[in-house]
Q: 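What follows is a single structure, and I will ask about it in a moment.
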Amino acid sequence: MEIEKQEINQWIKGIPYELAFWNNVYRWMRTDEGLVAWSNYERDICLEGIDANSILSSSLSCNREATSPLVLDVGSGMSYLPGNYFYRGERRERINMKYIDPLAYHYNKILNKYHRELPEITFGIAEYLSAFLPNEKADMIIIQNALDHSFSPIKGIIEAMRTLHMGGYLYLNHHPNEAEMELYKGFHKYNINEENGKLVIWNKTVRFIVDDFLQGFSEINVHRTDNGHIVALIRKTNNVPENLYDDSTSIKDLCENYHQLFMLTFSKNLSAKLKCKYCLYNVIQFLAQALPWDIKMKVKKFIGQA
């Protein structure tokens, strides 16, 4: 538990960087329009490296209760990336898409601040996902460029598998070893990589081969896309073993972690530091988002972050 408290402490310190980034993406019309053009919001579902429509249709066919597919974009940030429609045969139907993020309160304030008519983000934490949503109901869970931001990625994967119905899919898409590239700034505390066809999560102190945790209840396929992203598609084939989770312990952990979050956030010293960090990052992101894309990439490459 002490290790997890330290992880949460580090995660909290990454909040100013993340909020400053999204605040300035939505501040500038050029970056806002670029985000809309880049995402698939209000378009057909599209996920890099897989046939998303076929995968979702396969998952839905295993969910006899569902009339429309339930898809969770976990750790969504404010990207609205996956798309909101799929095809059931020849018929185009709307997906029941939920955008979930622990910083939902702050993201919704940014939406209101810049008068964006977009769906509100729902509060939820990947490491306790089954506590926020009905177990075994989701057809697909999407985590893109977010699992490496969490304070316990393996726990997040286990909770995602619990939240899927039998035959449902977890889709992961991440830049390889991004924490190393970003010098462990902000939320970048873990690296995700593919090694010999296996999914590996690591940082300077721990290393997990994810395939080992999934044996007996999941099928996993991991590959690199043409642009180098690490894509994993994980299908739930059996119930998650009880020894991998404990609901009573999770509830206790959630309460203790919330208390830790409350104490740290309202600590006078840390609160002042977080506000100062936000102001600093907000200025940096203001200038960064104002730059044309090609110049921004040249700068990042020059400082070793692209």
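These numbers come from a predicted model, not from an experiment. Below, each value reflects all heavy atoms present in this structure, side chains not excepted, and no hydrogens, waters or symmetry copies.
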Q: Decide salt bridge (Lys or Arg N to Asp or Glu O under 4.0 Å) for Glu42 and Arg94; before the verdict, give the C-alpha distance in whole Å, the side-chain angles of both, and the deciding distance to 0.1 Å.
A: CA-CA 9 Å; Glu42 289 300 297; Arg94 189 169 186 85; 2.7 Å; yes
Q: Kindly indicate, with the supporting measurements, whether the criterion side-chain contact (heavy atoms from CB on, under 4.5 Å) is fulfilled by Arg27 and Val25.
A: CA-CA 6 Å; Arg27 178 201 300 272; Val25 166; over 6 Å; no
Q: For residues Pro102 and Ile125, report the shortest heavy-atom separation together with the two atoms involved.
A: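 For Pro102 and Ile125, the tightest heavy-atom pair comes out as CB-CG1, 4.2 Å.
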Q: Using the side-chain contact (heavy atoms from CB on, under 4.5 Å) rule, take Tyr17 and Lys277 through it: C-alpha gap first, then chi angles, then the decisive distance, then the call.
A: CA-CA 7 Å; Tyr17 183 92; Lys277 276 189 174 182; over 6 Å; no
Q: Could you check whether Glu180 and Asn203, counting side-chain N and O atoms only, form a donor-acceptor pair closer than 3.5 Å?
A: no
Q: Atom NZ of Lys189 and atom OG of Ser150: how far apart are they, to the nearest 0.5 Å?
A: 12.5 Å
Q: Side chains of Met140 and Ile55, heavy atoms from C-beta outward: is any pair under 4.5 Å?
A: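 Yes, side chains in contact.
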Q: Are side-chain heavy atoms of Tyr169 and Leu233 found at a separation under 4.5 Å?
A: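 Yes; the side chains approach each other to less than 4.5 Å.
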Q: Going by atom types only, do His165 and Asp139 share a side-chain donor-acceptor pair under 3.5 Å?
A: yes
Q: With distance as the sole criterion, is a donor-acceptor pair present between the side chains of Ser130 and Glu159 under 3.5 Å?
A: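 Indeed, the side chains of Ser130 and Glu159 share at least one donor-acceptor pair under 3.5 Å.
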Q: Is there a donor-acceptor contact under 3.5 Å linking the side chains of Asn53 and Arg88?
A: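 Asn53 vs Arg88: no donor-acceptor pair found between side chains.
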Q: Return yes if a side-chain donor-acceptor contact under 3.5 Å exists between Tyr80 and Asn40, otherwise no.
A: no
Q: Under 3.5 Å, is there a donor-acceptor pair linking the side chains of Asp51 and Ser54?
A: yes
Q: Would you say that Leu170 contacts Met161 through its side chain, given a criterion of any heavy-atom pair below 4.5 Å between the two side chains?
A: yes
Q: Please name all residues satisfying side-chain hydrogen bond (donor to acceptor under 3.5 Å, both in side chains) with Trp202, sequence neighbours left out, ordered by chain then number.
A: Asn177
Q: Is it the case that atom CG in Asn227 sees more than 12 heavy atoms from other parts of the structure closer than 6.0 Å?
A: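 It does: Asn227 CG has more than 12 such atoms within range.
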Q: Using side-chain hydrogen bond (donor to acceptor under 3.5 Å, both in side chains), reason through Asn23 and Asn282 one step at a time and then give a plain yes or no.
A: CA-CA 8 Å; Asn23 182 61; Asn282 201 41; 3.1 Å; yes
Q: For Asn196, is the CG atom crowded, meaning more than 12 foreign heavy atoms sit under 6.0 Å from it?
A: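 No, not enclosed.
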Q: How far apart are the closest heavy atoms of Tyr99 and Ser76, and which atoms are they?
A: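 Between these two residues, the closest heavy atoms are CB-OG, 3.6 Å.
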Q: Does the plane of the ring in Tyr107 sit parallel, tilted or perpendicular to the ring in Trp22? Use 30° and 60° as the thresholds.
A: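 Because their plane-to-plane angle is over 60°, the rings of Tyr107 and Trp22 count as perpendicular.
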Q: Identify the heavy atoms of Arg116 and Tyr26 that sit nearest to each other, and give their distance.
A: NH2-O, 2.9 Å
Q: Between Asn24 (side chain only) and Ala20 (backbone N and O only), is there a donor and an acceptor less than 3.5 Å apart?
A: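 It does hold such a pair.
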Q: Does some side-chain heavy atom of Tyr41 sit less than 4.5 Å from a side-chain heavy atom of Asn84?
A: yes
Q: Using 30° and 60° as the class limits, which term best fits the ring planes of Phe286 and Trp28: parallel, tilted or perpendicular?
A: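 The rings of Phe286 and Trp28 sit tilted, inter-plane angle from 30° to 60°.
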Q: Side chains of Thr225 and His223: closer than 4.5 Å at any heavy-atom pair?
A: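 They are in contact (side-chain heavy atoms under 4.5 Å apart), so the answer is yes.
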Q: Are Phe213 and Ile154 close enough that some pair of their side-chain heavy atoms sits under 4.5 Å apart?
A: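 Answer yes - side chains close enough.
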Q: If you look at every heavy atom in Ile100 and Gly124, which pair is closest and at what distance?
A: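 Reported closest heavy-atom pair: CG2-CA, 3.6 Å.
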Q: Could you pull out the closest heavy-atom pair between Asn238 and Met166, with the gap in Å?
A: N-SD, 3.3 Å
Q: Calculate, to the nearest 0.5 Å, the distance between atoms CG and NZ belonging to Leu111 and Lys109 respectively.
A: 12.5 Å
Q: Could you tell me the separation between the CG atom of Asn221 and the CG atom of Asp211, rounded to the nearest 0.5 Å?
A: 10.0 Å
Q: Mind checking the CD1-CG spacing from Ile121 to Asn108? Nearest 0.5 Å is all I need.
A: 6.0 Å
Q: Out of curiosity, does Ile201 fall in the hydrophobic cluster containing Val206 (side-chain heavy atoms, cut-off under 4.5 Å, transitive links)?
A: yes
Q: How far apart are the closest heavy atoms of Ala232 and Val222, and which atoms are they?
A: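 Closest approach of Ala232 to Val222, heavy atoms only: CB-CG2, 4.0 Å.
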Q: Please examine the side chains of Leu47 and Asn173, heavy atoms only from C-beta on, and report whether any two atoms are closer than 4.5 Å.
A: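 A side-chain contact under 4.5 Å is absent here.
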Q: What I want to check is whether the side chains of Glu127 and Ser152 have a donor and an acceptor closer together than 3.5 Å.
A: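 Their side chains do not contain a donor-acceptor pair, so the 3.5 Å distance test is not met.
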Q: Looking at CG of Leu133 and OH of Tyr128, how far apart are the two atoms once the value is rounded to the nearest 0.5 Å?
A: 15.5 Å
Q: Say whether Val71 and Tyr85 are linked into one hydrophobic cluster, either directly or through other cluster members, by side-chain heavy-atom distances under 4.5 angstrom.
A: no
Q: Please check if Phe21 and Trp38 belong to a single hydrophobic cluster, counting links between Ile, Leu, Val, Met, Phe, Trp and Tyr side chain heavy atoms closer than 4.5 Å.
A: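 Yes.
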Q: Just checking, any donor-acceptor pair under 3.5 angstrom between side chains of His229 and His174?
A: no
Q: Is the closest side-chain heavy-atom distance between Ile141 and Thr163 below 4.5 Å?
A: yes
Q: Evaluate the criterion side-chain hydrogen bond (donor to acceptor under 3.5 Å, both in side chains) for residue pair Asn191 and Arg207; output intermediate values, then yes/no.
A: CA-CA 9 Å; Asn191 299 288; Arg207 176 182 170 86; over 6 Å; no
Q: Please report the interatomic distance CD1(Ile50) to OH(Tyr171), rounded to the nearest 0.5 Å.
A: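 Reported to 0.5 Å precision, the distance equals 5.5 Å.
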Q: Do Glu178 and Ile192 pass the side-chain contact (heavy atoms from CB on, under 4.5 Å) test, and can you show the C-alpha distance, the side-chain angles, and the key distance before you say yes or no?
A: CA-CA 7 Å; Glu178 191 171 26; Ile192 293 180; over 6 Å; no
Q: For side-chain contact (heavy atoms from CB on, under 4.5 Å), just list the numbers for Ile158 and Val240, CA-CA rounded to whole Å, side-chain angles, deciding distance to a tenth of an Å, and then say yes or no.
A: CA-CA 8 Å; Ile158 296 299; Val240 178; 4.0 Å; yes
Q: Is the positively charged end of Arg162 above the ring of Tyr245, judged by distance under 6.0 angstrom from the centroid and angle within 45° of the axis?
A: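 Checked: cation-pi criterion met.
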Q: So, the side chain of Lys236 versus the backbone of Leu164: is there a donor-acceptor pair under 3.5 Å, distance only?
A: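 Yes, because the side chain of Lys236 sits within donor-acceptor range (under 3.5 Å) of the backbone of Leu164.
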